[in-house]
Amino acid sequence: MTSQICIIIAIVAYLGMMIYIGITYSKKNTQAAEFYLGGRKLGPLVTAMSAEASDMSSYLLMGLPGLAYIAGFAEVGWTAIGLAIGTYLNWLFVSRRIRRYSSRIGSFTIPEFFAKRYDDDRHFLTCIAAVIIVVFFVPYTASGFAACGKLFSTLFGMNYIAAMILSAAVIVIYCTLGGFLAVSTTDLIQGITMSIALLIVVGFGAVVTGGFGSVTDAVSSLPGYLSLVQSYSAETGTAAPYTPLMIVSTLAWGLGYFGMPHILLRFMAIEDENKLNLSRRIATVWVVISMSIAVLIGVVGYGLSQAGIIPVLEGSNSETVIIQIASVLSSHGVIPALIAGVILAGILAATMSTADSQLLAAASSISQNLVQDFGKKKLDTKTSLLIARITVIAISLVAVFIAQDPDSSIFGIVSFAWAGFGAAFGPVVLLALFWKRSNKQGALAGMIVGGVMVFTWKYGIAKLGGAFAIYELLPAFVIALLVNVAVSLLTKAPNENLVRIFDEVNAK
């Protein structure tokens, strides 16, 4: 009972701090640009940590360790490598250019950037982009709510639905109050909290099992578990080849970064583009270290199960491995219980840091891009902010409904939403920034094809098996890119003004 009280104290203190930040920043939102992009005032540290904390959702502390626990190094290892490469390349090639371009044309949401980049005065690009954001952000947000539900139900035996709704309520409160600046500031704190949680868990788990040597001994007998070219099956206890095609498919996770609205917004919001180099270094180092430790936690967790210290976890329950380790830690006294509370707050941080960014991006898509830009409804600042806040609440309710199933896989939900954004927006962003011949017809066609192909491949073509059973992001991204280029070349070239602005941006 004492351990649970200590954990609750740590978590409540953490949640209270998040709400306090939201209330503090609510006074600074005097216009829509402040609510959505913080007036482009982010410093390099906040930009870096906010971008990566909003990226590393609950799959960092639950999805990746769970996959490593149940299947070994291959899939999770190549996924982490792909994400690390994608992180670096996105900061290197996209961040500075989209900051400069969005500032030059006066856009503060991704759909608005597309519309102004291509001079789409009828806002078809805005409409389609906004719809895609809502379609894929709702399940993405649902995965975060599911993580919170699993956390509290596993730890306290609390009702899964009640726990999920409580967590969603806290996220909605500080997000609707504080807007972008509150979300970015809390992301910085959440990134630090996640780092502390990862380090404590992996260290404690290794010590309890007798050191990393004991952990290695526990898993080395499992066929393919520690290999990057073989995949371990917990169901059959055998290894299967992890083919070059599967490796390329898994590395394709890195392509998703080019189309992530909540990450691209951080690039657009930094106060000085010259500070992006520092942000890139901070972000890349943090991502590599945090994902490496997350994978290691899964392996340590398996060693703990083999030693009988935590239960043997099967299926989606493997994603609770970090919760199980924290629970063991909490039984060692008051101080360890408070530390366990910090760890569990780290799980909330991983969830909230992504969910709040997604909610904000989805809110801007509806209130700003659909209602005002596409719907031609001119709203005053007060009404615009009110609609944005109502949108956050509405999307949260839908996400809570989707996340009702406690057996849903966090990693699976995230991977699908990641593919959706990567394929629909990634090629458009790259061509918009680097190819002056790209036009709005090509962008529109590529966006639609990318989004549709994610569904088509996952739920249709992939079921054929064999070479078709690959991560849907890879084929959808390639096809969307080719369609964008082909349609652009077959239709009218951009007007002189668009070409002039493109050359101005790229001349710097």
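Predicted model only: the values in this text are computed from it and were never measured. Count residues from 1 along the sequence.
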Original post:
L430 and F477: side-chain contact (heavy atoms from CB on, under 4.5 Å), yes or no, with the steps?
Top reply: CA-CA 11 Å; L430 292 175; F477 186 98; 4.0 Å; yes
**OP:** Output, in order, the C-alpha distance, side-chain angles, deciding distance and verdict of side-chain contact (heavy atoms from CB on, under 4.5 Å) for I81 and M291.
**Re:** CA-CA 9 Å; I81 292 171; M291 286 195 299; over 6 Å; no
Original post:
What residues form a side-chain hydrogen bond (donor to acceptor under 3.5 Å, both in side chains) with D217, not counting sequence neighbours?
Top reply: none
**OP:** Quick one: list whatever passes ring-ring contact (aromatic ring centres under 6.0 Å, His included) with F455, sequence neighbours left out.
**Re:** F136, F416
**OP:** Determine the minimum heavy-atom distance between L83 and Y257, stating which atoms define it.
**Re:** O-CE1, 3.1 Å
Subject >> Sequence-distant partners of S233, side-chain hydrogen bond (donor to acceptor under 3.5 Å, both in side chains), two or more places apart >> reply: T236
**OP:** Considering non-hydrogen atoms only, spot the tightest contact between I479 and M453 and give its length.
**Re:** CD1-CE, 3.6 Å
**OP:** Determine the minimum heavy-atom distance between A252 and L474, stating which atoms define it.
**Re:** CB-CB, 3.8 Å
Subject >> Test side-chain contact (heavy atoms from CB on, under 4.5 Å) applied to N159 - qualifying residues, sequence neighbours left out >> reply: I161, A162
**OP:** First locate atom CG of L264, then atom CD1 of I98, and finally report the distance between them rounded to the nearest 0.5 Å.
**Re:** 4.5 Å
Original post:
If every non-hydrogen atom of S227 is compared with every non-hydrogen atom of F73, which pair is closest and at what distance?
Top reply: O-CB, 3.7 Å
Original post:
Can you list every pair that meets side-chain hydrogen bond (donor to acceptor under 3.5 Å, both in side chains) and has a residue in residues 242-254, with sequence neighbours left out?
Top reply: Y242-T250
Subject >> Y88 side chain to A283 backbone, donor-acceptor under 3.5 Å >> reply: no
Subject >> Stepwise side-chain contact (heavy atoms from CB on, under 4.5 Å) check, F93 with L433 >> reply: CA-CA 9 Å; F93 294 114; L433 296 176; over 6 Å; no
Original post:
Listed by chain and number, what are the side-chain contact (heavy atoms from CB on, under 4.5 Å) partners of S95, not counting sequence neighbours?
Top reply: W91, F267, L276
Original post:
Just how far is it from atom CD1 of I322 to atom CG of L64, taken to the nearest 0.5 Å?
Top reply: 11.0 Å
**OP:** Enumerate the residue pairs fulfilling side-chain hydrogen bond (donor to acceptor under 3.5 Å, both in side chains) with a member in residues 69-80, sequence neighbours excluded, ordered by first and then second residue.
**Re:** Y69-S305
**OP:** Give the minimum heavy-atom separation between R99 and M268, together with the two atoms involved.
**Re:** CD-O, 3.3 Å
Subject >> Results of side-chain hydrogen bond (donor to acceptor under 3.5 Å, both in side chains) for T456 - residues two or more places apart only >> reply: none
**OP:** Work out which heavy atom in P223 is nearest to a heavy atom in A239; give both atom names and the distance.
**Re:** O-CB, 3.4 Å
Original post:
Yes or no on side-chain contact (heavy atoms from CB on, under 4.5 Å) for W418 and M260, after CA distance, side-chain angles and deciding distance?
Top reply: CA-CA 8 Å; W418 187 267; M260 293 297 130; 3.6 Å; yes
Original post:
With no hydrogens and no angle check, is any side-chain donor or acceptor of S290 less than 3.5 Å from a backbone partner on V287?
Top reply: yes
Donor-acceptor pairs under 3.5 angstrom involving side-chain atoms of residues 294-304: please list them, not counting sequence neighbours.
none

Original post:
Who passes side-chain contact (heavy atoms from CB on, under 4.5 Å) against S292, sequence neighbours left out?
Top reply: V288
Original post:
Taking the side chain from S318 and the backbone from G66, do they hold a donor-acceptor pair closer than 3.5 Å?
Top reply: yes
**OP:** List in chain and number order the residues that pass side-chain contact (heavy atoms from CB on, under 4.5 Å) with V328, two or more places apart in sequence or in another chain; answer none if no residue qualifies.
**Re:** F204, I309, I310, H332
